[in-house]
Trainee: 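Below is a structure I'd like to ask you about.
By convention in this document, chain letters (A, B, ...) are assigned in the order of the sequence lines, proteins followed by strands, and residues within each chain are numbered from 1.
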Amino acid sequence: MLQVSVLKAAPERVKQQLKKKNFKQPELVDRIIGLDDARKKIQAGYDEIQSKINTASKEIGMMMGKGDKAGAEAIKMQVTAWKLELEPLRESMVETEKQLVDTLILLPNLPADEVPEGKTPEENEIVRTGGAIPVLGADAVPHWELATRYNLINFELGNKITGSGFPVYIGKGAKLQRSLIQFFLDFNTAAGYTEYLPPFMVNAESAYATGQLPDKEGQMYHATEDNLYLIPTAEVPVTNVYRDTILKESDFPVKMTAYSPCFRREAGSYGKEVRGLNRVHQFEKVEIIQIVHPEKSYEVLEEMVVHVEKLLQRLELPYRILRLCGGDMGFASAITYDFEVYSAAQQRWLEVSSVSNFESFQSNRLKCRFKGADGKTQLVHTLNGSALALPRIVACLLENNQTESGIVLPKVLQGYFGGAGI
RNA sequence: GGUGAGGUGGAUGAGCGGCUGAAAUCAGUAGUUUGCUAAACUGCCGUACGGGUUAAACUGUACCGCGGGUUCGAAUCCCGCCCUCACCGCCA
């Protein structure tokens, strides 16, 4: 959620920025400013009357103490009259405030200056690429066939137990998952991230604070009996560690990493987009999160991008880093870098990580602030990224490293896996 | 699932209709002092939205889990909800 003060400081510039994000109702900016002004005016009137009532009530107390019953009664009459004036003001204040928040919540975060213009994924900017795209033999097959051939993943079994999009990992397939998780967590903690193992379900308050509610309600599985949501990413529980807190500058940077399964309903997908591991309802992911001083967030963003890049290099996978264009970015993000790895058998790029700076958009709802050197509290900046999401990494590892005699794993995984390949 | 207790500022915890935005202690912070380590003493130390100021000072309102109610006046009384803890039952 944006701060009203940001809109007020430069409404026209905000509208321009919203346009870049492909937001269709820039007029809401003026509406919000109007509502805020109205709210202030109403509150000023309300406060004034309330102040008179408070003063009068104290007088009554003193008169009663002195035994001046008649005097007290006279003031009581006056207070009753004021209270009648107060009621409509209170109603319109609550109503205006509700409208203000309801409208403000519709505005996406503003894109950073370096975010490219554009509306579709085709307009994303390729920042750099790395690794070599392997040349596969004519008999190369996609990962879902390899998974079956070596009995690593059973998709049909998942259908039986739960439903489509819930793959069952078996034997070496399961161990590969565990190896990757272990490797990622080790790599992240070595870089100074503190490991968390968070709850995999969250309450509505937490889901709201990180922005999953109300925007993406349909995306999450909801256990209605207990009103809890299955997390779509570890970002939700882990970022909420710092909900309603005021940090000191010396607490920066807060660096957290967490493994979790992620649950996503992913309505509306179809065809080869969802084949095999390309898109599933439950998958494993290791997330990195930082909470930092606002002046440092872009520096930290670069650091996180390099960190994720190193992971891909260690895995020896061909990758590319995209800077998303305004129209393709997420609602809460000020800038996002997507990481894609090349799936050699499917001959397409698959997204495996997304690193974003939310600036103060998330911390505003999260109420995560810090007290600066000047003694003023202000909002922190939050950033997060996947490091990494497993399914598509597994897809590429299988496809790109397939040989006639089996699948060769990158060196970095061999120790974790307990073998050179499958 | 049953029974009981309770939710107060960063923490512990007092207050149980007006003198309480809230004692005290601890932590934090600024300073004084003693030769260091350390201790003692003194001041400061909640958040949000307003007014005010170059900036402060100062000042209005709200907030003692959340939402209602009673009252001239509520942290304090009443109702509903949420949550936590303890014991019992069940269970990994």
Trainee: According to the Watson-Crick and G-U wobble definition with distances under 3.5 Å, which dot-bracket string, read 5' to 3', encodes RNA chain B, using [ ] for crossing pairs and | for pairs with another strand?
Mentor: ((((((((.[[[..)..(.....]]].(((((.(...).))))).((((((......)))))).[[[[[..)....]]]]])))))))....
Trainee: Can you tell me how far P in rU20(B) sits from the matching atom in rG15(B), rounded to whole Å?
Mentor: 16 Å
Trainee: Rounded to whole Å, how long is the line connecting atom CD of Gln3(A) with atom P of rA48(B)?
Mentor: 11 Å
Trainee: Take Arg369(A) and Thr55(A), find for each the nucleotide of RNA chain B with the closest heavy atom, and name the residue whose nucleotide sits nearer the 5' end.
Mentor: Arg369(A)
Trainee: With side chain to side chain donor-acceptor pair (under 3.5 Å) as the rule and sequence neighbours excluded, what pairs involving residues 188-207 of chain A come up?
Mentor: Asn188(A)-Thr257(A), Asn188(A)-His307(A), Tyr193(A)-Gln290(A), Asn203(A)-Ser206(A), Glu205(A)-Arg243(A), Ser206(A)-Arg243(A)
Trainee: So, is Thr377(A) close to the rA48(B) phosphate, meaning a side-chain N or O under 4.0 Å from OP1 or OP2?
Mentor: yes
Trainee: Measure the distance from CG on Asp244(A) to P on rG65(B) and round it to the nearest whole Å.
Mentor: 14 Å
Trainee: Atom CD1 of Ile75(A) and atom P of rG18(B): how far apart are they, to the nearest Å?
Mentor: 18 Å
Trainee: Would you name the heavy atoms of Pro391(A) and Val280(A) that are closest together and state the gap between them?
Mentor: CG-CG2, 4.3 Å
Trainee: Answer with yes or no after comparing the ring centroid distance for Phe358(A) and His381(A) against a 6.0 Å cut-off, counting only values under it.
Mentor: no
Trainee: Between rG9(B) and rC63(B), how far apart are the P atoms? Round to whole Å, please.
Mentor: 15 Å
Trainee: Using a cut-off of strictly less than 4.0 Å, decide whether Asn54(A) has a side-chain nitrogen or oxygen near OP1 or OP2 of rG60(B).
Mentor: no
Trainee: Decide if atom NZ of Lys296(A) counts as having more than 12 heavy atoms of other residues, nucleotides or ligands within a radius under 6.0 Å.
Mentor: no
Trainee: Strictly under 3.5 Å: I want the nitrogen or oxygen pairs between protein and nucleotides 67-72 of chain B, one per line.
Mentor:
residue: rC72(B); atom: O2'; partner: Ser57(A); partner atom: OG; Å: 3.1

Trainee: Ignoring hydrogens and angles, tell me if any N or O in the side chain of Gln177(A) forms a donor-acceptor pair with the backbone of Tyr169(A) under 3.5 Å.
Mentor: no
Trainee: Is NZ or CZ of Arg365(A) both nearer than 6.0 Å to the six-membered ring centre of Tyr208(A) and within 45° of the ring axis?
Mentor: yes
Trainee: For Lys376(A) and Ser51(A), take the nucleotide of RNA chain B holding the closest heavy atom to each; which residue's nucleotide lies nearer the 5' end?
Mentor: Lys376(A)
Trainee: Look at the rings of Tyr229(A) and His222(A) and say which category their plane angle falls in: under 30° parallel, 30 to 60° tilted, over 60° perpendicular.
Mentor: parallel
Trainee: How would you list, by chain and number, every residue that makes a side-chain contact (heavy atoms from CB on, under 4.5 Å) with Val127(A), sequence neighbours excluded?
Mentor: Ile321(A), Arg323(A), Tyr337(A)
Trainee: Kindly say whether the aromatic ring centers of Phe184(A) and Tyr259(A) come within a distance under 6.0 Å.
Mentor: no
Trainee: Figure out the NZ/C1' separation between Lys367(A) and rC49(B), and round it to whole Å.
Mentor: 13 Å
Trainee: Answer yes or no: are there more than 12 heavy-atom neighbours, outside Glu295(A) itself, under 6.0 Å from its atom CD?
Mentor: no
Trainee: Would you measure the distance from the C1' atom in rG21(B) across to the matching atom in rG2(B) and give it in whole Å?
Mentor: 40 Å
Trainee: Should the ring pair Phe370(A) and Phe252(A) be called parallel, tilted or perpendicular, given that the plane angle runs from 0 to 90° and is split at 30 and 60?
Mentor: perpendicular
Trainee: For residues 81-97 of chain A, which residue pairs pass the side chain to side chain donor-acceptor pair (under 3.5 Å) check, not counting sequence neighbours?
Mentor: Glu95(A)-Gln99(A)
Trainee: What N/O pairs connect the protein and nucleotides 50-54 of chain B at under 3.5 Å? Give each pair on its own line.
Mentor:
residue: rG50(B); atom: OP1; partner: Lys40(A); partner atom: NZ; Å: 2.9

Trainee: In whole Å, what separates the C1' atom of rC16(B) from that of rG7(B)?
Mentor: 15 Å
Trainee: What is the distance, rounded to the nearest whole Å, between atom NZ of Lys248(A) and atom P of rG10(B)?
Mentor: 13 Å
Trainee: Check for a donor-acceptor pair, side chain of Lys20(A) on one end and backbone N or O of Pro116(A) on the other, with a separation under 3.5 Å.
Mentor: no
Trainee: Give one of base, sugar-phosphate or nothing for Lys371(A), where a contact means two heavy atoms less than 4.0 Å apart.
Mentor: sugar-phosphate
Trainee: Would you measure the distance from the C1' atom in rG60(B) across to the matching atom in rG6(B) and give it in whole Å?
Mentor: 35 Å
Trainee: I'd like the P distance from rG52(B) over to rU70(B), given in whole Å.
Mentor: 35 Å
Trainee: Provide, to the nearest angstrom, the distance between the CZ atom belonging to Phe370(A) and the C1' atom belonging to rU47(B).
Mentor: 16 Å
Trainee: Could you work out the separation of rA86(B) and rA48(B) based on their P atoms and round it to a whole Å?
Mentor: 34 Å
Trainee: Rounding to an integer number of Å, can you tell me how far Asp251(A) CG sits from rG10(B) C1'?
Mentor: 11 Å
Trainee: Could you measure between the two C1' atoms, the one in rU32(B) and the one in rC19(B), and give it in whole Å?
Mentor: 35 Å
Trainee: Rounded to the Å, how far apart are Leu247(A) CG and rG46(B) C1'?
Mentor: 16 Å
